[in-house]
Amino acid sequence: MKVYQTSEIKNIALLGSAGSGKTTLAESMLYEAGIIKRRGSIEAKNTVSDYFPVEQEYGYSVFSTVFHVEWNNKKLNIIDCPGSDDFVGGAITALNVTDQAVILINGQYGPEVGTQNNFRYTEKLKKPVIFLVNQLDSDKCDFDSLITTMQDIYGPKCVQIQYPISTGPGFNSLIDVLLMKKYSWKPEGGAPIIEDIPAEEMDKAMELHKALVEAAAENDESLMEKFFEEETLTEDELREGIRKGLVTRSIFPVFCVCAGKDMGVRRLMEFLGNVVPFVSEMPKIHNTRGEEVPAESDGPTSLYFFKTGVEPHIGEVSYFKVMSGKIKAGTDLQNADRGSKERIAQIFACAGANRIPVDELCAGDIGCTVKLKDVKTGNALNGKDCDFRYDFIKYPNSKYSRAIKAVNEQEMEKLMVALTKMRQEDPTWVVEQSKELRQTIVHGQGEFHLRTLKWRLENNEKIQVKFEEPKIPYRETITKEARADYRHKKQSGGAGQFGEVHLIVEPYAEGMPDPTVFKIGGQEYRMNIKGREEIDLEWGGKLVFINSVVGGAIDTRFMPAILKGIMERMERGPLTGSYARDVRVIVYDGKMHPVDSNELSFMLAARNAFAAAFKEAGPKILEPIYDLEVYVPSDFMGDVMSDLQGRRALIMGMDSEAGYQKLQAKIPLKELANYCISLSSITGGRASFTTKFASYELVPNDIQQQLIKEHEEEDKDD
């Protein structure tokens, strides 16, 4: 395989909803380029893309697949991304390391929620988009209606390059209005028959050609001038205008294909090779210091590892993009993130489960290697005199969480090792060992995402696991002031234990003045502040601890022990065992014994006094509230709103966005536990949502009483 220069490399992400035909298209592209000798199928479980056992089990893409094709002396690196929103990590990773998105649209259904999500990601990352309408041989395909819908959603930037003469099972021909030719195929597909456009199609073709010329001319002043003078452009000028329009997202070309019959694939690849922007034409990536890293072969060598795959008999396969410079087999590099040295013994061009050895890869190219010692997803390897690091990939927040445990408790350590390894393959799996909830929690993008994790643990790692609903990280606080005292006294021969603490608790808010006097239970307590500590609690909120003891009632050396006792009780709040927050504690009196008083005595006395005062201070439970955005087709809006209201959600607003309704709400985390399953059920999988932590708010009184009762029952069981 020849060494491709930066100016000969194009990187493309293949996106689309589940069932839009990306894997089938990838097979046809590989076949047309001669990488494979026959096309596989999802049904036969022999495709280049879906080669992992879990993908063959479910018939879904779970991982993104990196492959390449050589076409017209260009190298096209293509990443086939999973369609399900549960595996969105693959699409986001791919868009960050490629320069062009091809979004497949299922000809039967038009733009689906997955299409909308993918388009939003391209918008955020400012990536060029080509739309590819697939499955034109479906009975349900109405191309004209589909184009109208697309232009309603994406506006006049959506410009047809091709249109089918007819759709349905007999589909075998289309009109290309860039080349102004008719393409048709024999039943086996492959190489097209190229002819002049028939007379009955000429008017429609000319109208669309004129619209394409106008759209292309708008992206370049000299082309616009020529268009005004001659009202036409040459093929080369058209390509130039489209390329510039792609870079600025001023044009979204629409192509047609029937990937299952290998019709239109070759023409698509010609366009990708001839027109799609090169790496060098796209905006530069920045390293963590904010410096531009130009994709130049004569620059310092820097590789970014964006994906890790674990394959049987091989182990870890590490996929990288050459950000700068060149990489040759046998090169020694430094890991900028981990400080270790690595030798890249072999480098390969990617073709799914197959790998083609190559001698060298230049800036902008994508490849893989195996058997690295200490490289994780997201790491950078650099040559001498280079210390680049990268963190440009940002993944969405999790949507579905479950507590996980091994059925056999002795396998918990083995389970944690497996989860850590699997997170390298999919960074949107987040594993949290929660000290607060005393659970190991796996966060993912949806129920299917976590079901896939469970399948892999049980079938690949041979670890039987079970999922449970995670506990909610409630918080406890108080709403009024209260006083309590507690004497800890223990005598058991020899030195005893003695400590007595009198304290007042009150709710704390930022900027409150220090207290001077309290009136509690008809009695007045005047404060004489000797010391003050303000502690930012790691779980949020504050504890303000004030020493107001006078007359030496408690020696100053016992104050740290008193604070420790209070902190211990705040870590397991008196109501439900949740963290307590936003409390001011004033220790104003107490007693000690010249012999029996020690740190432990005062720590225990403070802990019990704090718990007693807390329960008298109008205690309240706070629950985490999340901002929720739901993208839903308008015909399901009523059902979705009704479901949300049943989940104690507060609707904050509604908006229309790209053919979908966007609904904004605030919702308790407790009510989000199974929301992805419910939303999918209500909308037939046609809606999606995002969440973000907003604040802690008071729970309703009936729920508070229920939570306290449940905690008391748990304490009895313990």
- Could you walk me through whether Asn598 and Ser601 pass side chain to side chain donor-acceptor pair (under 3.5 Å), step by step? CA-CA 5 Å; Asn598 54 28; Ser601 302; 2.6 Å; yes
- Flag side-chain contact, heavy atom, 4.5 Å: Tyr579 against Glu571: yes
- Task: Scan side-chain atoms only and decide if Ser688 and Asn117 contain a donor-acceptor pair under the 3.5 Å cut-off.
- Result: yes
- Okay, side chain of Asp485, backbone of His502: is any donor-acceptor separation there less than 3.5 Å? no
- For the pair Gln424 (side chain) and Lys376 (backbone), establish whether a donor and an acceptor sit closer than 3.5 Å, ignoring hydrogens and angles. no
- Have a look at Ile404 and tell me which of Leu415, Val431, Ile441 forms a side chain to side chain contact (heavy atoms under 4.5 Å, CB included) with it. Leu415
- Which heavy atom of Ile529 sits nearest a heavy atom of Ser548, and at what distance? N-OG, 4.0 Å
- Could you check whether the rings of Trp429 and His449 sit parallel, tilted or perpendicular, using 30° and 60° as the cut-offs? parallel
- Message: I'd like to know if the side chain of Ser578 and the backbone of Pro473 have a donor-acceptor N/O pair within less than 3.5 Å.
- Response: no
- Distance-only, no hydrogens or angles: does the His488 side chain make a donor-acceptor pair with backbone N or O of Ala605 under 3.5 Å? no
- Task: Scan residues 408-423 for pairs that pass side-chain hydrogen bond (donor to acceptor under 3.5 Å, both in side chains), counting only residues two or more places apart or in two chains.
- Result: Lys421-Glu461
- Kindly say whether Gly531 contributes a backbone atom to a donor-acceptor pair with the side chain of Asn547 at under 3.5 angstrom? no
- Contact check, side chains of Ile566 and Val583, non-hydrogen atoms, under 4.5 Å: no
- Item | Pairing residues for Lys591 by the salt bridge (Lys or Arg N to Asp or Glu O under 4.0 Å) criterion, not counting sequence neighbours | none
- Step through the shown structure and confirm whether more than 12 heavy atoms of other residues, nucleotides or ligands are within 6.0 Å of CE on Met654. no
- Message: Using the salt bridge (Lys or Arg N to Asp or Glu O under 4.0 Å) criterion, which residues pair with Glu469? Sequence neighbours excluded.
- Response: Lys670
- Task: Kindly check if the number of other-residue, nucleotide or ligand heavy atoms within 6.0 Å of NZ (Lys564) is above 12?
- Result: no
- Message: I'd like to know if the side chain of Thr377 reaches the main chain of Lys307, judged simply by a donor and an acceptor atom lying under 3.5 Å from each other, with no hydrogens or angles considered.
- Response: no
- Would you please name every residue forming a side chain to side chain donor-acceptor pair (under 3.5 Å) with Glu506, sequence neighbours left out? Arg584
- Side-chain (Asp643) to main-chain (Asp639) donor-acceptor, under 3.5 angstrom: no
- Item | Lys127 (side chain) donor-acceptor with Lys124 (main chain) under 3.5 angstrom | no
- Message: Centre-to-centre under 6.0 Å for Tyr486 and Phe610, is that the case here?
- Response: no
Let me check something: any side-chain donor-acceptor pairs from residues 612-627 under 3.5 Å, sequence neighbours excluded? List them with distances.
unit_1 : atom_1 : unit_2 : atom_2 : d
Glu623 : OE1    : Arg648 : NH2    : 3.1
Glu623 : OE2    : Arg648 : NH1    : 2.7
Asp627 : OD1    : Lys666 : NZ     : 2.5

- Note on the structure: Between Pro507 and Thr479 the two heavy atoms that sit nearest each other are CG-C, 3.6 Å
- Task: Verify, without hydrogens or angle tests, whether Asn287 (side chain) and Tyr390 (backbone) share a donor-acceptor contact under 3.5 angstrom.
- Result: no
- Looking only at side chains, do Glu476 and Tyr474 share a donor and an acceptor under 3.5 Å apart? no
- More than 12 foreign heavy atoms under 6.0 Å from NZ of Lys471: is that the case here? yes
- Message: We want to know whether Thr93 and Tyr395 form a side-chain donor-acceptor pair, criterion being a heavy-atom distance below 3.5 angstrom.
- Response: yes
- Query: Taking side chain as C-beta onward, heavy atoms only, is Ile92 less than 4.5 Å from Thr428?
  - Reply: no
- Message: Using side-chain heavy atoms (C-beta onward) and a distance below 4.5 Å, is His711 in contact with Ile708?
- Response: no
- Task: Please determine, by modelled atom types, if Tyr588 and Arg483 share a side-chain donor-acceptor pair under 3.5 angstrom.
- Result: yes
- In chain order, what residues pass the salt bridge (Lys or Arg N to Asp or Glu O under 4.0 Å) check against Arg338, with sequence neighbours excluded? Asp374
- Query: Within 45 degrees of the axis of the six-membered ring of Tyr109 and under 6.0 Å from its centre: does Arg686 put its NZ or CZ there?
  - Reply: no
